[in-house]
Number of protein chains: 2
Amino acid sequence: MAALVPEVVVMRLPVYTRALVQLTAEGQEVISSQELGQLLRVTPAQIRKDLSYFGRFGRQGRGYNIRRLTVELQHILGIDRSWAMALVGVGHLGEAILNYRGFAPQGFNITAAFDTDPKRTGKKIGGITVQRLEEVRETIAARKIDIGIVAVPAAETQKVIDLLVAAGIKAILNYAPFAAQVPAGVKRRDIDPVLALQSMTFYLKESPK
Amino acid sequence: MAALVPEVVVMRLPVYTRALVQLTAEGQEVISSQELGQLLRVTPAQIRKDLSYFGRFGRQGRGYNIRRLTVELQHILGIDRSWAMALVGVGHLGEAILNYRGFAPQGFNITAAFDTDPKRTGKKIGGITVQRLEEVRETIAARKIDIGIVAVPAAETQKVIDLLVAAGIKAILNYAPFAAQVPAGVKRRDIDPVLALQSMTFYLKESPK
DNA sequence: GTATGTGAACCACTTCACAGCA
DNA sequence: TGCTGTGAAGTGGTTCACATAC
């Protein structure tokens with residue numbers, strides 16, 4: 001089934017899930033696709049269609065039970081468990097990622113960090129001891145690490161990603177400003193604030209300076 | 001013209017531009033859509049079509065002069081100039097953003113920072129003195145700030161974005177994990193590593209643990 | 001009455017394929 | 001000959017509209 005779900009749909013599910021969690025926190029129990037759509041600026045039809053790829057979660061005439069739908073979506077996404085991640089590159093950016101408080105509450109834990117610079121290896125940052133890059137392979141296997149985070153300079157990105165892929169990593173969160181290539185079967189998502197800015201200025205440039 | 005260019009196209013232009021800059025650094029002078037496509041894993045037809053929205057930059061039988069195309073794209077995107085940005089929220093994340101070295105080389109400069117916490121206002125971080133949030137409006141006007149960066153907790157995001165919009169900001173880079181709403185005419189791009197992770201685990205969950 | 005779930009219609013983006021030009 | 005630029009064809013995702021169920 002999973003193979004025929006459009007990737008855009010998969011990318012919207014976490015957005016829905018986050019909103020539902022928030023609604024539960026506010027005490028709401030039921031929601032219609034209409035209401036959720038207004039909240040997220042998405043058409044109700046799109047929400048219903050998206051959900052229909054995975055099952056039938058609503059009650060006609062009523063809407064969706066928020067708690068039930070949340071649990072279903074978390075299971076579909078695989079976020080009803082925790083995931084171990086390895087960070088490669090502990091410069092300014094990597095250090096900030098290690099100290100970032102937003103991952104753990106969502107079940108994403110950085111359990112290993114690597115760098116090539118001897119000035120950094122051995123240091124302990126955010127509770128994690130920075131290891132030498134050569135140890136990536138065995139550490140990933142030993143600690144059952146599922147996801148790689150890359151925060152190295154652009155020039156080293158491809159090499160590092162190849163290393164992670166060779167170590168069996170199937171998902172990479174890439175902070176480097178470089179469109180690295182991954183083989184089929186490996187997912188890559190880029191976090192690239194500069195690209196985001198550069199595509200917004202297109203719309204700004206005509207407005208009064 | 002700009003209005004009828006699909007947004008997906010606009011979002012690919014910075015990727016092309018970055019690759020072209022890199023190619024120039026490597027000494028290459030001409031490239032075909034075929035070759036650029038291979039490099040970026042994009043079809044040559046897509047590159048040619050994307051460029052055709054803006055003009056005719058190639059030479060038939062030859063390809064594209066890299067330097068010329070780079071200049072054209074930078075102009076189209078509005079990245080042939082510098083832009084002033086204001087940061088709101090100087091917690092852990094905001095501080096990392098202030099210290100991030102990747103913006104300035106691309107012409108994006110954070111020239112003001114704001115927070116509500118009196119423990120933070122007045123402090124100087126990365127060369128910027130943190131101001132009180134109430135000063136947003138006049139500072140943005142006085143310093144001709146074009147872009148807002150939001151790094152506040154989810155619960156405050158909408159309020160802060162409304163404030164920036166009221167101050168005349170037309171582009172917002174949002175790091176908060178919240179799908180805030182902006183009026184038509186204002187662009188928003190979200191930097192959300194958790195959403196990125198949550199949409200990748202969907203593909204991981206079936207593979208051996 | 002109300003809101004879901006879904007085939008069908010629609011729309012937008014991508015790819016094709018070739019005319020046109022260096 | 002080689003590669004661009006572009007209408008036309010193809011593809012995939014979104015929206016419609018209604019049968020269905022509560």
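Per chain, numbering begins at 1; letters A, B, ... match sequence-line order.
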Pull out every protein N or O sitting under 3.5 Å from an N or O of nucleotides 7-10 of chain C, one pair per line with the distance.
unit_1 : atom_1 : unit_2  : atom_2 : d
C/dG7  : N7     : A/Lys49 : NZ     : 3.3

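Of the possible polar contacts, none joining the A/Thr116 side chain to the A/Leu133 backbone as a donor-acceptor pair under 3.5 Å is found. Of the possible donor and acceptor atoms, one in the side chain of B/Asp115 sits under 3.5 Å from a partner among the backbone N and O of B/Val90.
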Apply side chain to side chain contact (heavy atoms under 4.5 Å, CB included) to residues A/Val194 and B/Arg18 and explain how you reach the verdict. CA-CA 10 Å; A/Val194 169; B/Arg18 183 183 279 169; 4.2 Å; yes
What's the verdict on side chain to side chain contact (heavy atoms under 4.5 Å, CB included) for A/Gln74 and A/Val21, showing C-alpha distance, side-chain angles and the deciding distance? CA-CA 10 Å; A/Gln74 287 174 334; A/Val21 167; 4.1 Å; yes
Donor-acceptor pairs under 3.5 angstrom involving side-chain atoms of residues 91-101 of chain A: please list them, not counting sequence neighbours.
unit_1   : atom_1 : unit_2   : atom_2 : d
A/His92  : NE2    : B/Arg101 : NH1    : 3.4
A/Asn99  : ND2    : A/Glu95  : O      : 3.2
A/Arg101 : NH1    : A/Asn99  : O      : 3.2
A/Arg101 : NH1    : B/His92  : NE2    : 3.4

Report all side-chain donor-acceptor pairs from residues 174-187 of chain A shorter than 3.5 Å, counting only partners two or more places apart or in another chain.
unit_1   : atom_1 : unit_2   : atom_2 : d
A/Asn174 : OD1    : A/Ala176 : N      : 3.0
A/Asn174 : ND2    : A/Ala176 : O      : 3.1
A/Asn174 : ND2    : A/Phe178 : O      : 3.3
A/Asn174 : ND2    : A/Asp190 : OD1    : 2.9
A/Gln181 : OE1    : B/Arg41  : NE     : 2.9
A/Gln181 : OE1    : B/Arg41  : NH2    : 2.8
A/Gln181 : NE2    : B/Leu39  : O      : 3.0
A/Lys187 : NZ     : A/Glu7   : OE1    : 2.9
A/Lys187 : NZ     : A/Glu7   : OE2    : 3.2

Scan the side chains in residues 42-49 of chain A for donor-acceptor partners under 3.5 Å anywhere in the protein, sequence neighbours excluded, and list what turns up.
unit_1  : atom_1 : unit_2  : atom_2 : d
A/Thr43 : OG1    : A/Gln46 : N      : 3.2
A/Arg48 : NH1    : A/Ser33 : OG     : 3.1

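Taking every heavy atom of residues 56-72 of chain A and every atom of DNA chain D, pairs under 4.0 Å involve A/Arg59, A/Gln60, by number. Sorted by residue number, the members of residues 25-45 of chain B with any non-hydrogen atom under 4.0 Å from DNA chain D read B/Ser32, B/Ser33.
Taking a cutoff of 4.0 Å between a charged side-chain nitrogen and a carboxylate oxygen, A/Asp146 and B/Lys205 do not qualify as a salt bridge.
Interface limits on DNA chain D: the 5'-most and 3'-most nucleotides within less than 4.0 Å of chain A heavy atoms are D/dG13 to D/dC22.
Every residue was checked against the salt bridge (charged side-chain N to carboxylate O under 4.0 Å, His left out) condition with B/Glu35, not counting sequence neighbours, and none meets it. In this view, A/Asp162 and A/Gln158 satisfy the side chain to side chain donor-acceptor pair (under 3.5 Å) rule, not counting sequence neighbours. A search for salt bridge (charged side-chain N to carboxylate O under 4.0 Å, His left out) contacts involving A/Arg67 returns nothing, not counting sequence neighbours. B/Glu138 pairs by the salt bridge (charged side-chain N to carboxylate O under 4.0 Å, His left out) definition with nothing, not counting sequence neighbours. Every residue meeting the salt bridge (charged side-chain N to carboxylate O under 4.0 Å, His left out) condition with B/Arg68, not counting sequence neighbours, appears here in chain and number order: B/Glu72.
When rounded to the nearest whole Å, the span between CG of B/Leu51 and C1' of C/dC13 equals 16 Å. Rounded to a whole Å, the CG atom of B/Asp50 is 12 Å from the C1' atom of C/dT15. C/dT4 atom P lies 18 Å from atom OH of A/Tyr53, rounded to whole Å.
Nearer the 5' end of DNA chain D, as judged by each residue's closest nucleotide, is the contact made by B/Arg48, out of B/Arg48 and A/Arg48.
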